[in-house]
Amino acid sequence: MASEGLAGALASVLAGQGSSVHSCDSAPAGEPPAPVRLRKNVCYVVLAVFLSEQDEVLLIQEAKRECRGSWYLPAGRMEPGETIVEALQREVKEEAGLHCEPETLLSVEERGPSWVRFVFLARPTGGILKTSKEADAESLQAAWYPRTSLPTPLRAHDILHLVELAAQYRQQARHPLILPQELPCDLVCQRLVATFTSAQTVWVLVGTVGMPHLPVTACGLDPMEQRGGMKMAVLRLLQECLTLHHLVVEIKGLLGLQHLGRDHSDGICLNVLVTVAFRSPGIQDEPPKVRGENFSWWKVMEEDLQSQLLQRLQGSSVVPVNR
Ligand SMILES: CC(C)=CCC/C(C)=C/CC/C(C)=C/CC/C(C)=C/COP(=O)(O)OP(=O)(O)O
Ligand SMILES: [Mg+2]
């Protein structure tokens, strides 16, 4: 039964769906974290990359005083009560005049758990491109530019990498289409699919308090956890059950993203694929020993899950985080 429940949970996470977060297996020491609130202690930014069939990119000309006249991708801060997709659609409408649908998440970037940017590949579904006659506080205008000949000045050069990522995805999709799942979450947290691989066998780390489950680690919003970034929360959980100094831990990227944004549930859950390997070379047939009672390794026997995991691991078939 336990393994059936785990297999279902893993299948759901691998399919980009996930499930509600009810509790977490690791949290920062000290006071319980303050409730997650947009505009108070977290800021989420949405950004859209549109690539036309003619290999043109949709850009907007900024109206804000500090970057007025410069060009950027349509982007902006999420408002309380919005879903991630609603925020994306609002920002694109306000800044570019277009209606849109997200195709897939392309990248997630964070500067500590309180500053997270969700980057989407999107396609226009209607509306009218904003011209300079409609200039307002949101933008001065929007226009399509050849991908290899963007206008100057750009507001910031970080978008060059994002445009490249979109073009690569269009040419050869590294990961399946991944869209935010509308599931409420009270925390900024990560659900780990932490794997150890030997030959063609995969083990997955499991939380054993209550029903066996994929472990969840809460990100603190205090200055220390901000500096460490979201990786710190992953390492904290692994540190609680593994001896990390003889291991190499790599966060491969995202399998999915959960958020709702209604009823003051401003948290997010990132479902992350992580690898754990021994630092010293040589064949190690068994995963590293787990300390304590709260975690254990689950040897994945279900053939389809095992092959899906190996394929996602070998192809780095995940949404990049901070790259
Ligand atoms: C926000 C995160 C995690 C990463 C930013 C990545 C970097 C360094 C970007 C380069 C500098 C830059 C353009 C920073 C602006 C970030 C920000 C506050 C975006 C919010 O979007 P705006 O377009 O300013 O907001 P509105 O459209 O809501 O006014
Ligand atoms: Mg903006």
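Below, each value reflects all heavy atoms present in this structure, side chains not excepted, and no hydrogens, waters or symmetry copies. Both counts, for ligands and for their atoms, begin at 1 and track the order of listing. Keep in mind that what you see is a predicted model, and the values were worked out from it rather than measured.
Between Ala75 and ligand 1, at least one N/O pair is under 3.5 Å apart.
Of the residues listed (Arg191, Gln181, Gln258), the one engaging Ser19 in a side chain to side chain donor-acceptor pair (under 3.5 Å) is Arg191, and it is the only one.
Among protein heavy atoms, the minimum distance from atom 9 (C) of ligand 1 is reached at Asp158 OD2, 3.3 Å. Of the protein's non-hydrogen atoms, the one nearest atom 11 (C) of ligand 1 is Ala156 CB, 4.0 Å. With hydrogens left out, the protein atom closest to atom 13 (C) of ligand 1 is Tyr72 OH, 3.4 Å, a heavy atom. For atom 14 (C) of ligand 1, the nearest non-hydrogen atom of the protein is Arg155 NH2, 4.5 Å. Of all protein heavy atoms, the one lying nearest to atom 8 (C) of ligand 1 is Arg111 NH2, 3.6 Å.
A donor-acceptor distance shorter than 3.5 angstrom exists from the side chain of Ser12 to the backbone of Gly18, with no hydrogens or angles considered. With Trp297 contributing its side chain and Pro288 its backbone, the two residues share a donor-acceptor pair below 3.5 Å. The main-chain N or O of Pro146 is never found under 3.5 Å from a side-chain atom of Ser149 such that the two would form a donor-acceptor pair. Using a distance-only test at 3.5 Å, with no hydrogens or angles considered, a donor-acceptor pair links the side chain of Arg312 to the main chain of Ser317.
Here Ala75 meets the criterion, with an N, O or S atom under 2.8 Å of the Mg ion (ligand 2).
Listed by atom number, the atoms of ligand 1 under 4.0 Å from Trp115 heavy atoms are 1 (C), 3 (C), 18 (C). Counting atoms of ligand 1 from 1 in the listed order, those under 4.0 Å from a heavy atom of Glu109 are 3 (C).
Distance screen at 4.0 Å: atom 1 (C) of ligand 1 has a protein heavy-atom neighbour inside the cut-off.
Note on Val319 and Val188: same hydrophobic cluster, where clusters join Ile, Leu, Val, Met, Phe, Trp and Tyr whose side-chain heavy atoms are under 4.5 Å apart, directly or indirectly.
Between Lys64, Met78, Glu138, it is Lys64 that holds the heavy atom closest to atom 22 (P) of ligand 1. Closest to atom 21 (O) of ligand 1 by heavy atom, among Gly76, Ser70, Pro74, Ala137, is Gly76. The heavy atom nearest to atom 27 (O) of ligand 1, out of those in Arg117, Arg77, Glu95, is found in Glu95.
Contact check on Asp136 versus Lys130 returns a salt bridge, with a Lys/Arg side-chain nitrogen under 4.0 Å from an Asp/Glu carboxylate oxygen. Salt-bridge formation is detected for the pair Arg170/Glu103: a Lys NZ or Arg NE/NH1/NH2 atom is positioned less than 4.0 Å from an Asp or Glu carboxylate oxygen.
Under 3.5 Å, the side chains of Gln61 and Gln141 contain a donor-acceptor pair of N or O atoms.
Between His175 and Tyr169, the ring-plane angle classifies as tilted under the 30° and 60° cut-offs.
Not a single heavy atom of His157 sits under 4.0 Å from any atom of ligand 1.
As for Glu95, its N/O/S atom nearest the Mg ion (ligand 2) is the one called OE2.
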